[in-house]
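Basis for what follows: all heavy atoms, side chains included, without hydrogens, waters or symmetry-related copies.
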There are 2 protein chains.
Amino acid sequence: MHVKTLCLGALSLADSTGYDIKKLFESAFSHFQNASFGSIYPSLRKLEDEGAVTCHVEPGDRHPDRKRFSITRQGLQALVDDLSHTPATELVRSDFLVMLFFAHLLPTDVVQQKLDEIEAHYRMELDYLQSIRSDARMTAGMRYGVEQGIAVYQAKLKHLGKHRDALLASHHLPPSATQD
Amino acid sequence: MHVKTLCLGALSLADSTGYDIKKLFESAFSHFQNASFGSIYPSLRKLEDEGAVTCHVEPGDRHPDRKRFSITRQGLQALVDDLSHTPATELVRSDFLVMLFFAHLLPTDVVQQKLDEIEAHYRMELDYLQSIRSDARMTAGMRYGVEQGIAVYQAKLKHLGKHRDALLASHHLPPSATQD
DNA sequence: TCGAACATGTAAAAGGTTACATGATTAC
DNA sequence: GTAATCATGTAACCTTTTACATGTTCGA
């Protein structure tokens, strides 16, 4: 999913500045997409060139001009086309599971620390999603994303709680960790 | 997680060719990491330059020389260091959830089709993970990855089954989809 | 015979992140 | 007064994917 499409999506909800869009990505979207300023600002520029958005400059008294972008009819059409033609995929990249895959090569305390890290991460994401759960402004589709996130993090936490001890108990340092 | 680290990991399990490594990524790893030939072959070259792997060329009778790589002591140490220093993270990128987030802009049949697509995807991944579940060669850490995958896909399928009808029932085409 | 699997590799293109540069405003 | 937030933007860097180039072997 291109950052351009993500920006069009954000602008379909409300006129926004680049900064606003970043905040939206960090809140509503954070558990399944994200983008940095370094990709958002150039995307908005390109979208303007293509006529997908218009820009209204609010002159900065002393700070940088605030550029508020609005989606155009063409932009909305482009968004609908992009969303319709993008295959429904979900991609996971887990450095945590890679680490566990090779955990038999690592000292027990490192594995333990990684388990703590990931548990804290799961809990934080879960808490956040639960805190926004009751926001009435969400559409059914938005709510689905939040609820799926909650279900998934709960499943991961449950799994972790269930297997953590066995994992660490069965863990033995390789005999040749420091020799060889 | 760099492809170099992933290659070292693969080679810690068995001496392999680039092609073998790709197959490992497609099987054991596929639900949480992947890499293409275009990154694997250059990574192996760099690892050889760094002394992390050695290469034994099996001359090709008529096909390209088969290069079988082995991890060295330094390579194993580098792998352990990488794994120990890489933060335990999990990153999700879901084009599906982005689409749903803006589903109120899309025709009902498109949304329905995307739900079918993602359901097929979930089922395929789940079936695959269940098929390798009983492989006795897995370490506890490897098994954890498989079992977490199973738990997560089951949670996603359950969630989909539970909310699918409500999602489609509440779905209305925006009045200005083609006008405006 | 035809497609899939085996096998390696390069080059271009794409895309994004990180870091930097700058500075005002607001809340503690 | 000091840290966080508001606000925009560029450029270098990094990494990876995609597409191409080449040819064999094996099974249906």
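- When the side-chain nitrogen and oxygen atoms of A:Lys22 are compared with OP1 and OP2 of D:dA7, none of them lie within a distance under 4.0 Å.
- The aromatic rings of B:Phe102 and B:His104 are tilted relative to each other, their planes meeting at an angle between 30° and 60°.
- Contact annotation: the side chain of B:Glu117 never approaches that of B:Phe96 to less than 4.5 Å [non-hydrogen atoms, C-beta and beyond].
- Atoms CZ (A:Phe37) and C1' (C:dA21) sit 15 Å apart, rounded to a whole Å.
- Closest to the side chain of B:Pro42, from the set D:dT8, C:dT10, D:dT10, is C:dT10.
- Separating the CG atom of A:Leu91 from the P atom of D:dT17 is a distance of 10 Å, rounded to the nearest angstrom.
- When rounded to the nearest whole Å, the span between NZ of A:Lys46 and P of C:dA14 equals 10 Å.
- Within the 4.0 angstrom heavy-atom criterion, base atoms lie near B:Gly38.
- Side chains of A:Thr86 and B:Asp95: a donor-acceptor N/O pair is absent below 3.5 angstrom, by distance only.
- Of the possible donor and acceptor atoms, none in the side chain of A:Tyr153 sits under 3.5 Å from a partner among the backbone N and O of A:His121.
- In this structure, B:Arg45 reaches the C:dT10 phosphate: one of its side-chain N or O atoms is under 4.0 Å from OP1 or OP2.
- With C:dT17, D:dA7, C:dA7 as the candidates, the nucleotide lying closest to the side chain of A:Ser36 is C:dT17.
- Distances from the side chain of A:His2 to the nucleotides D:dT10, C:dG15, D:dC6 place C:dG15 closest.
- The side chain of B:Tyr41 lies closest to C:dG9, out of C:dG9, D:dT8, D:dT16.
- Mapping A:Lys4 and B:Lys67 onto DNA chain C via the closest heavy atom, the residue that lands nearer the 5' end is B:Lys67.
- Between B:Thr17 and the phosphate of C:dA7, there is no side-chain N or O to OP1/OP2 separation shorter than 4.0 Å.
- Separating the CZ atom of A:Arg66 from the C1' atom of D:dC6 is a distance of 8 Å, rounded to the nearest angstrom.
- The nucleotide whose nearest atom lies closest to any side-chain atom of A:Lys23 is, among C:dA7, D:dC6, D:dT8, D:dC6.
- Between A:Met1 atom CE and C:dA14 atom C1' there is a gap of 17 Å when expressed in whole angstrom units.
- With no hydrogens or angles considered, no side-chain donor-acceptor pair links A:Asp81 and A:Ser84 at under 3.5 Å.
- Rounded to an integer number of Å, the gap from A:Ile21 CD1 to D:dT8 C1' is 13 Å.
- Each of D:dT8, C:dT17, C:dG9 was ranked by its minimum atom distance to the side chain of A:Ser39; first place goes to C:dT17.
- Atom CG of A:Leu47 is separated from atom C1' of D:dG9 by 16 Å (rounded to the nearest Å).
- Rounded to a whole Å, the CG atom of B:Asp20 is 10 Å from the C1' atom of C:dC6.
- Between D:dG9, C:dT8, D:dT8, one nucleotide has an atom nearer to the side chain of A:Tyr19 than all others, and that is D:dT8.
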